[in-house]
Each structure stands twice: as C-alpha cells, then as structure tokens.
Amino acid sequence: MSDATAESAPSYRYTAELAGQIEQRWQEHWDSTGTYHAPNPVGPLAGAVPEDKLFVQDMFPYPSGAGLHVGHPLGFIGTDVFARYHRMNGRNVLHTMGFDAFGLPAEQYAVQTGQHPRKTTEDNIQTYLRQIRRLGLGHDERRRIATMDPDYYRWTQWIFLRIFHSWYDEKAGKARPITELEAEFAQGKRATPDGRGWCELTHAEQQAVLNDYRLVYLSDAPVNWVPGLGTVVSNEEVTADGRSERGNFPVFRRNLRQWMMRITAYADRLIDDLDRLEWPDKVKAMQRNWIGRSHGARVSFPVADSAIEVFTTRPDTLFGATYMVLAPEHPLVDTIAAAEWPDDVDPRWTTGAETPGTAIAAYRRAASMKSDLDRQENKEKTGVFTGAYATNPVNGASIPVFVADYVLMGYGTGAIMAVPGQDQRDWDFATAFGLPIIRTVAPPEGFDGEAFTGDGAAVNSGFLDGLGVDEAKKTMIAWLEENGHGNGTIQYKLRDWLFSRQRYWGEPFPIVYDEDGTPVALPESMLPVELPDVDDYSPKTYDPEAADTEPSPPLSRATDWVEVELDLGQGRKTYRRDTNTMPNWAGSCWYQMRYVDPTDDQRFCEPENERYWLGPQSPGDTGGVDLYIGGVEHAVLHLLYARFWQKVLFDLGDVTAEEPYRRLYNQGMIQAYAYTDERGVYVEASEVVERDGKYFHGDRRVRQEYGKMGKSLRNVVTPDEMCAAYGADTFRMYEMSMGPMDVSRPWATKDVVGAQRFLQRLWRNLVDEETGETRVTDTDPDETTLRALHKAIAGVHEDYANLRYNTAGAKLIELNNHVTKNFPGGAPRVVAEAMVQMLAPLCPHIAEELWSKLGGPKSLAHGPFPKADERYLVEDSVEYPIQVNGKVRGRITVPAAASQDEVKAAALAEEKVAALVGDSTPKKVIVVPGRLVNIVL
RNA sequence: GCCCCCGUAGCCCAACAGGCAGAGGCAGCCCCCUUAAAAGGGGUCGAGUGCCGGUUCGAAUCCGGUCGGGGGCACCA
C-alpha cells in the first residue's frame with residue numbers, strides 16, 4: 001500500500017480531495033432538503049415557529065468584479081458559526097445574505113464598455129454566490145435579495161414615499177403623516193408662514209409650505225458638487241480634506257435643487273438611543289461625534305441697526321468677549337461694513353486697503369480661492385476688520401467685528417464672539433491682531449499656558465464672579481433669557497442628508513413634477529418606477545476644478561421616460577419625472593426587513609413577521625437584528641442612515657422595532673504582507689521567501705510592507721485557493737482560530753496546515769484511514785476523560801455564545817489530543833459523538849459526515865448539541881500552590897471539601913514551606929478557596 | 001491638537017471578575033513511519049507580560065506616567 005507514489009496516502013485519510021467530496025455532497029444535501037430554511041409566522045414562508053428565535057445578519061457585500069479574498073468571509077463565517085450553534089440548540093435562526101447591488105463600479109464599467117450595469121452586477125453576484133456556497137454557509141437561500149431588483153426597490157421607493165408623506169412633530173417628538181399637518185393648516189390651528197389663510201394659497205404655495213416640513217424635501221441649500229464625478233455627494237462622503245471619498249475629486253459648495261432627508265429632526269433620538277444598543281463603544285463614539293450635539297446659548301450682539309447672532313458653548317465667558325468674527329460668507333458682512341476706517345485704526349486690521357469694503361472684498365476672494373486643505377494646513381490666523389463695532393450685551397462694551405476664515409459659515413450661526421482668554425483659536429487671533437485678552441476663568445496656580453479651557457472660578461465677570469463653569473453657564477443663560485439677549489440652545493454638527501445623486505445605477509425617485517415644478521408623489525399602485533434603458537450611462541462629468549458647471553444626470557436624457565402622461569387625480573396631464581437617483585445607501589437602510597419577508601408583494605414586510613424576528617424582546621428593548629456583523633468602516637454612514645429610516649417607520653407604526661440592529665459587532669481586518677522590489681514595484685507575495693530575516697523574490701532582495709489585501713499589491717489570497725488546497729472546513733477552522741473575531745491580524749497561509757492536521761487527527765480518531773469504517777468503541781470512558789469531555793462542553797458552550805471561536809477551537813483540539821493520547825484503538829462513542837457535535841458549528845461538513853458515519857439519524861444542523869454534566873465539572877480534590885511572600889514554594893493536594901483552616905494547616909505542614917517558615921509565626925495566611933495559599937512572613 | 005483601542009515565547013494568540021504566566025496553532029529541535037518524501041505520527045524547547053512608578057499579602061489584569069503601534073475627529077465656537 002505504501003510503496004507507490006505520493007498518491008499513496010491511505011484511501012480514507014482526510015485530505016483536501018476527500019474534504020472536497022464530502023463538502024460538495026453535504027452542500028447538495030442541505031440545498032435539496034432546505035436545511036437552513038427558517039419558517040415565518042405568516043405568509044409564503046410560514047411554518048411552525050418556535051418562540052425562541054435568532055436573527056443574524058452580515059453587512060451585505062457590494063459584488064465587485066474582483067470577487068472575495070480571504071479577508072471578506074471572516075465575518076460571514078463568524079455569523080454562520082453563531083447561527084449554527086444556536087440552531088443546533090433549538091432556536092429558529094434566520095441567516096441569509098443578499099447583495100448591495102446598486103453602485104458606481106458597475107456603472108463606470110458600463111460607461112467604458114456599454115455593458116448594462118445589471119448584467120455586470122448579475123455576473124458578479126454569481127461569482128460571489130459560487131464563492132460563498134463553497135464555504136458551506138447555512139443561508140436560507142429563499143431570502144436572498146438584491147437591491148437592484150425592481151421587486152426590492154419598489155419597496156425602497158415605497159419607504160421613500162412614507163418619509164415624503166411625513167413631517168416631524170417636535171411637540172410629540174415623532175414623525176406624523178403630513179395629511180395631519182395639512183389639516184391643522186386648513187382648520188386654522190396652525191398659521192401659515194405669511195399669515196394668509198390656507199385656502200388663499202395656491203396649490204403650489206401650499207405644497208411649498210408643506211415641503212418645508214416634509215421629512216424628505218427639496219432644497220436649494222448649498223450641496224457638495226463634484227464636477228469630476230458629475231454628481232453631488234453627501235457630507236458623509238466628503239473627506240476631511242474636502243475631496244470626494246470616491247475618486248478623490250475636489251468638492252465645491254453649490255446651491256442646487258436637491259432632495260434632502262431631514263435626519264436632523266432625529267438628532268437627539270439618534271444620540272440618546274445609542275445608550276440602549278449593544279454596540280462597540282468606538283462606533284457609538286463615532287456616531288455621537290458625527291451628530292455633534294453641543295449645549296450652549298445663542299446670544300445677540302447689537303451692531304448699528306441690526307444684530308449679530310452667535311452660538312457659544314461658553315456663555316459663562318461673555319465678559320471676556322473682546323471682539324467678534326463673521327465667516328467670510330456671512331450675509332451681515334456687507335450690511336455692517338463701515339464706509340471708512342476709523343481714524344485710529346490699527347494697521348494690522350486693514351491689510352493696507354483704502355476702505356473696509358475693498359479689504360473685505362480682497363479677503364473674501366483670497367478665502368474662496370483657498371482650498372479646504374490650505375485652510376486646514378495653514379492655521380495662521382488671518383482676517384480683516386469690518387470697521388464696525390458691536391455691543392457686548394453683558395457690559396455694553398464696544399467691540400470690533402472682524403471677518404476671518406477660521407469661522408465657518410456651516411456651523412452654528414457663522415459668527416462667533418471671541419474670548420481669547422478661554423479659547424486658543426481666539427487667543428491666536430487676538431495675539432496676531434493686538435486685541436485685548438481678558439481672563440474670565442481663573443487658571444490654576446502655576447498655569448503657564450495661553451488660553452485656559454479648564455474649570456475654575458469666574459473672574460472679571462460681574463455677577464458671575466466666583467462661580468464654577470457649569471454654574472456660571474446656567475446663571476448666564478438665565479440672565480440672557482430674562483433680559484432678552486439670547487437663550488439656551490443646542491447645536492448639532494449633523495446636517496440633513498443629501499439624498500439625490502446624478503447617476504444612472506440607483507433607485508429612481510417615485511416623484512414627478514407638474515407644470516409648476518411642484519413635486520407630486522406617485523401613488524403606491526404605480527410602483528416600482530423602473531429604471532429606463534439608456535444609451536449613455538454616464539452623467540456629464542467635467543474638469544474636476546470646473547466649479548461652475550451644472551449636473552446633468554443620465555436619466556434626463558431618456559426623454560421618452562422623463563415625460564409621462566398620468567392621471568394623478570386631476571385628469572390626464574403631462575408630468576416630468578425626477579431624473580436623479582437615490583444614493584447607494586438607500587437599499588441598505590432597510591434590508592433586514594426584507595430578509596424577513598422577501599417575497600411579500602403586498603407589504604414591504606408583514607407586521608407579524610417583523611414583530612417575530614425584529615420586535616422588542618422585553619420592555620425597553622429597542623428590537624432589531626440580534627447580531628449584526630460587519631466592518632467598522634460603516635460606523636457613521638450606513639448605520640446612521642439605517643437607524644434614521646427605522647425610527648421614521650417606527651413612528652409611523654410600520655414596524656415595532658425602534659432600532660435596526662440591537663447588537664453590532666465589528667470584525668477585524670485580515671491584512672497581509674506585500675513586497676516591493678528595488679524599483680518600488682510590487683512582486684507576487686506568494687513567491688517571496690524569507691532567509692535570515694530578509695525577504696527575497698527569486699534572487700532579488702525585496703522590501704516587506706504590511707497592509708490590506710489588494711490586487712494592486714499582488715498579495716491577494718482567495719478563499720477558493722484555500723478551499724481547493726485544504727477544504728472549506730479547514731479554511732473555516734483556520735480563520736476562526738486566528739484570534740478573536742474583532743482583532744485585525746496578518747494572513748499566514750503556512751499556518752493553515754495546523755487546522756488541517758487537527759481535522760485529520762480527529763477524523764483518524766473516529767475513522768479507519770484504510771477502510772473508511774468507524775473505529776469508535778463502546779467502552780465507557782474513564783473518569784479523567786469524562787472530566788476532560790464535560791469541561792470542554794461547558795467551555796465550548798460559553799465560547800460559542802460569546803463569539804470566542806478561537807478558544808472554542810482550542811478546547812476541541814485539546815480534547816481531541818486527549819483522545820489521541822489515551823485511545824489509540826479508537827475513541828469511545830460518547831466522546832466521539834459529543835466532539836462531532838461540538839465541531840459542527842465551525843466545520844459543518846466534516847461534522848455531518850462523521851455524524852452519519854456514527855449512525856446519526858439525519859443532519860446535525862438542528863442538533864443535538866451536548867450538555868455538560870455538572871458532576872464532572874467539580875473536582876474531588878484540589879491542588880493548591882503555596883506561596884511564601886508571593887512566591888510559589890510548594891504544593892499540596894487536599895479534598896475539594898476541605899475547610900479554609902484545613903487547607904491552611906496542610907499548607908503550613910508542607911515540607912518546603914515549613915522549612916521556610918521555621919519557628920517564626922506568619923503575619924498572615926491568605927487562603928483563596930480553590931486557588932492558592934499565600935503565607936506572609 | 002483632541003478622543004478611543006492595543007503592546008504576553010521567533011510569529012498568530014490564551015489566561016472568568018487581581019490568585020501557579022500557557023489553552024491552541026505555526027515555526028524550531030528530537031524521535032518514529034518511509035527506498036524516499038510530507039499537508040504523516042509521537043515528543044520537546046520556549047516569554048515573566050513595551051518601560052517606569054503606585055495600590056495590594058499577591059498585578060499581564062487596577063491606578064498614574066512614559067514609549068511604540070493602530071483608528072476616529074479636527075479652526076465645530
């Protein structure tokens with residue numbers, strides 16, 4: 001048998017080939033028997049549902065052309081193990097995966113090749129499906145969805161209309177149907193903006209009023225226009241240096257008529273409800289930071305006939321406001337600017353210009369030409385005096401008003417009161433311009449910094465003197481409100497969500513415009529509004545720097561589609577369709593609900609099914625997906641938008657869950673080494689060898705880098721290669737044992753063999769490699785083995801439940817090593833069965849195969865899973881290490897039931913310890929039950 | 001600049017809630033099987049927890065400082 005070639009491994013050794021056969025066979029079996037179908041309470045997928053359910057979800061992938069590398073499935077396998085563990089323990093588990101199918105790459109490919117994005121995307125989806133099927137993921141494939149399917153985006157459009165037909169009632173603190181607002185106007189319960197009666201307004205005027213309340217509304221406010229992409233993008237899609245996240249093009253602020261989602265109405269709830277979620281602190285912090293709630297006051301500073309409104313978080317420092325600053329774009333700049341400089345003007349304030357007017361114009365021009373990057377990198381304070389003076393309301397002081405670009409139009413009121421004593425930016429400006437600095441909070445003794453931002457007693461502040469910062473703020477706000485100079489207020493960084501894109505490959509808006517240009521919502525019966533075919537998929541793109549260009553979306557050129565004749569209740573009329581598409585985030589804002597009811601054509605999700613899978617599980621619970629795994633890169637965008645939609649639908653009574661994702665878990669990134677040669681060109685990482693700590697590609701010395709896996713770095717390893725070389729179970733086992741799920745770590749192909757060897761050993765303990773027959777025995781395992789077994793069972797339960805797959809795997813290896821060592825003739829049946837059951841969540845195929853070899857009745861997918869017997873978890877006797885002054889000096893073994901005094905006596909009697917203690921009396925003897933004894937001399 | 005996370009054998013990682021630093025894997029070393037080979041079998045070696053200080057009978061674990069790595073935000077008033 002052993003004298004032939006390399007093929008001469010025993011016929012039933014668990015090799016990659018055998019693993020592959022087993023895996024394919026079981027995948028087909030699962031498929032054909034619908035093993036992972038999870039029944040719904042009602043509807044097409046209805047079945048008998050256990051009360052105990054679990055909804056596990058992966059952040060669904062955008063199917064890119066490159067397919068998956070080994071980093072992608074980490075989370076997919078993680079959710080699968082979790083799902084399998086709970087399914088085996090009797091829960092009704094919903095786990096599936098769909099595709100975030102709209103997106104720019106397919107559209108760009110279409111622009112280049114003319115291939116319809118749908119075709120590209122469908123092909124890519126097939127690749128993804130092939131790859132994930134090979135991994136043996138237990139998905140309910142009946143629930144697969146793709147956001148580009150009209151059956152799916154019909155409901156995305158439907159939800160858009162629900163939001164469109166709603167407004168936020170601040171008093172009630174929730175969204176309500178817009179018809180109720182309209183009724184309030186019509187009944188005169190609510191005044192129109194200009195005081196006319198509702199009936200006196202034209203239809204278009206009425207609609208314009210309602211537009212200002214709708215949760216999704218048309219706005220002419222400044223948006224981020226990216227000529228290089230030919231589209232606008234949201235604030236969240238603009239990087240810190242003012243460029244587009246996609247394509248890295250310059251972004252320009254332009255006033256364009258666009259759809260906005262009134263996410264700001266939910267700012268408080270989006271922040272406050274974070275406390276109710278089981279999410280990583282890091283993600284919560286990022287969301288809080290993004291929403292940026294700050295408490296403070298609005299204060300009005302009179303200047304000539306008008307007044308400058310400022311927002312400040314430090315009203316307690318008002319007495320130290322020695323000047324004011326307006327953003328260059330602030331509308332009041334022109335109003336208040338003086339015609340001439342005052343006689344004694346500081347030359348630093350004028351930039352040498354003849355008049356304030358010319359100085360301001362020059363400064364504005366210079367500011368507008370500075371890119372955001374320049375403004376950021378160059379923090380030198382610049383500015384120019386307006387020639388005007390404002391009055392500080394607390395003390396009547398006359399303070400100069402400047403224009404400076406360190407104040408941003410986009411935050412607060414675009415104007416500030418400057419308190420150099422308590423704000424470093426103001427300090428810097430004041431120093432550069434020779435402005436007075438008044439401290440209003442006493443810094444601690446020995447403070448040698450500039451602006452002091454800490455807590456302390458108020459000074460130079462009239463009626464605030466002596467108060468701490470918090471108390472002083474309250475007192476000042478009360479004073480401002482009493483005297484009509486301002487009021488306490490809350491400011492947010494969060495802006496409304498720009499919701500239109502000038503692209504082809506996205507959801508069309510279910511909106512048409514009438515002859516007045518008033519938007520009209522299409523009735524539900526006309527959904528979906530399907531994407532028309534076009535000749536040219538590209539929006540008109542421009543020179544990236546051409547700020548003054550206009551968006552021209554591809555749909556606007558589908559003239560037959562744009563112009564429609566419809567009867568929308570006023571007889572047949574011609575309307576124009578909205579030619580924008582929704583942003584890529586729309587489809588992922590609600591997909592968990594469609595997973596629940598993927599084939600329902602009456603509702604986006606049947607209420608009973610929603611309540612069962614996503615509803616609150618206890619009073620105060622937010623509801624939502626039980627476990628949501630994905631990368632931390634979606635911390636703000638997707639997760640904030642999805643929470644917002646969820647809350648609107650909750651307010652409208654469409655869903656019972658207040659939050660989409662009750663528990664969130666971020667998987668770590670699998671990174672990899674990459675190598676560059678002397679020219680800096682990447683070489684194939686798999687061909688690099690290490691010699692004496694140096695790296696070589698052939699004979700050439702190469703340099704090692706560490707980072708993401710990517711085609712351009714030539715360091716991609718695919719799950720396909722790994723499955724071919726080792727089998728899917730080995731690959732799964734390896735990925736899960738590399739470390740905790742949330743830790744990023746380097747990929748190491750050479751380590752995969754460890755997982756392979758484990759499975760081979762386990763297989764060999766149960767199966768004769770020569771004959772394929774089982775070799776389990778019916779002998780009763782000894783006490784030690786039973787203890788090892790039940791300890792493993794208890795530990796593995798806990799590890800699986802807490803996503804600690806690396807330690808669960810280690811415990812299985814440990815147990816298997818015990819079997820190898822103690823049962824060379826084959827594993828005792830009870831141990832073998834439990835081991836296979838415990839292995840199943842991690843390595844489902846080999847577990848199924850072994851289970852059936854052991855005579856298990858059917859698939860292991862729904863259990864059983866072993867339970868630990870308490871009897872074997874408690875020890876009869878315990879070994880105590882004896883420390884003398886904290887160092888281990890000896891050991892004793894005593895019955896587990898021994899009292900502390902008995903343990904103490906035994907410890908002191910121990911030979912080596914007794915020698916050390918000698919005649920002296922120990923100061924203290926500490927007995928930690930079950931752990932150790934420490935004798936302090 | 002502000003905020004957050006992480007530093008344990010050559011490498012990836014364990015150590016429940018302060019209690020014997022090691023569960024597991026890779027690599028190394030030794031032995032076995034083999035004409036030979038290894039994705040074969042058995043065994044074995046290996047760090048005092050980045051550094052300094054504190055609390056404690058006892059610190060990888062808690063506290064303060066410091067160094068190194070990673071991430072987020074960034075003229076947000």
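In the text below, chain A, chain B and the rest are named by the order of the sequence lines, each starting its count at 1.
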[N] to [M] separation - [atom1] atoms, rounded to the nearest Å:
N	M	atom1	value
G46(B)	A21(B)	P	16 Å
G65(B)	C2(B)	P	13 Å
G58(B)	C11(B)	C1'	32 Å
C62(B)	U49(B)	C1'	16 Å
C63(B)	G18(B)	C1'	13 Å
C45(B)	G10(B)	P	16 Å
A60(B)	A9(B)	C1'	14 Å
C32(B)	C67(B)	C1'	49 Å

Notebook entry, point to check: If you draw a 6.0 Å radius around NZ in K284(A), do more than 12 non-hydrogen atoms from other residues or ligands fall strictly inside?
Noted result: yes
Margin query: So for atom OH, which belongs to Y411(A), do other residues, nucleotides or ligands contribute more than 12 heavy atoms lying within a distance under 6.0 Å?
Written below: yes
Hey, does [X] reach any base, or is it just sugar-phosphate, or nothing, if we go heavy atoms under 4.0 Å?
X	result
D426(A)	nothing
T730(A)	nothing
I813(A)	sugar-phosphate
K821(A)	sugar-phosphate
K282(A)	sugar-phosphate
A725(A)	base
V925(A)	nothing

Of the candidate nucleotides [options], which contains the atom at the shortest distance from the side chain of [X]?
X	options	result
I416(A)	G19(B), C13(B), A77(B)	A77(B)
T807(A)	C12(B), A39(B), A23(B)	A23(B)
R764(A)	A77(B), G40(B), C20(B)	G40(B)
Q760(A)	C20(B), C13(B), A39(B)	A39(B)
L408(A)	C20(B), A77(B), A39(B)	A77(B)
R761(A)	A39(B), G25(B), A77(B)	G25(B)
A16(A)	C12(B), G19(B), A39(B)	A39(B)

Identity of whatever pairs with [N] - Watson-Crick or G-U, under 3.5 angstrom:
N	answer
C2(B)	G72(B)
C29(B)	G43(B)
C62(B)	G54(B)

Margin query: Here's a test of your reading of the structure: between V928(A) and N289(A), which maps to the more 5' nucleotide of RNA chain B?
Written below: V928(A)
Notebook entry, point to check: Of P881(A) and V632(A), whose nearest nucleotide on RNA chain B comes first from the 5' end?
Noted result: P881(A)
Spacing of [X] atom [atom1] relative to [N] atom [atom2], expressed in whole Å:
X	N	atom1	atom2	answer
K284(A)	C3(B)	NZ	C1'	17 Å
R745(A)	A14(B)	CZ	C1'	14 Å
H818(A)	G24(B)	NE2	C1'	17 Å
E633(A)	G72(B)	CD	P	10 Å
Y14(A)	A38(B)	OH	C1'	18 Å
D428(A)	C75(B)	CG	P	14 Å
R288(A)	C73(B)	CZ	C1'	15 Å
L640(A)	G72(B)	CG	P	17 Å

With sequence neighbours excluded, what pairs up with [X] under the side-chain contact (heavy atoms from CB on, under 4.5 Å) test?
X	answer
A748(A)	Y734(A), D751(A)
A685(A)	Y675(A), N715(A)
K750(A)	none

Check: So, does E309(A) use its side chain to make a donor-acceptor pair with the main chain of R298(A) at under 3.5 Å?
Finding: no
Note to self: Syn or anti for G40(B)? Use the chi torsion, O4'-C1'-N9-C4 for purines and O4'-C1'-N1-C2 for pyrimidines, with syn inside 90° of 0.
What the structure shows: anti
Margin query: Below 30° counts as parallel, above 60° as perpendicular, anything between as tilted: where do the rings of F402(A) and Y323(A) land?
Written below: perpendicular
Under 3.5 Å, which protein N or O atoms sit close to an N or O of nucleotides 57-60 of chain B? Give each pair with its distance.
from	atom 1	to	atom 2	distance (Å)
C57(B)	O2'	N934(A)	ND2	3.4
C57(B)	O2	N934(A)	ND2	2.5

Below 4.0 angstrom from OP1 or OP2 of [N], is there any side-chain N or O of [X]?
X	N	answer
S294(A)	A77(B)	yes
N806(A)	A14(B)	yes
N817(A)	G25(B)	yes

Next item on the list: Give, ordered by number, those residues of residues 749-758 of chain A having at least one heavy-atom distance below 4.0 Å to an atom of RNA chain B; if nothing qualifies, reply none.
Entry: K750(A), D751(A), V753(A), G754(A), Q756(A), R757(A)
Checklist line | Where at least one partner belongs to residues 727-744 of chain A, residue pairs that pass salt bridge (charged side-chain N to carboxylate O under 4.0 Å, His left out), sequence neighbours excluded | finding: D80(A)-R732(A)
Checklist line | I437(A) side chain reached by V419(A) side chain, heavy atoms, under 4.5 Å | finding: no
Note to self: Contact between I399(A) and M324(A) at the side-chain level, heavy atoms closer than 4.5 Å - yes or no?
What the structure shows: yes
Checklist line | Pair D316(A)-T440(A), side chain to side chain donor-acceptor pair (under 3.5 Å): steps then yes or no | finding: CA-CA 8 Å; D316(A) 61 302; T440(A) 58; 5.6 Å; no
Checklist line | Sole residue of E798(A), K811(A), M838(A) in side chain to side chain contact (heavy atoms under 4.5 Å, CB included) with I793(A) | finding: M838(A)
Note to self: Less than 6.0 angstrom from the centroid, inside 45 degrees of the normal: does K381(A) satisfy that with respect to the ring of F429(A)?
What the structure shows: no
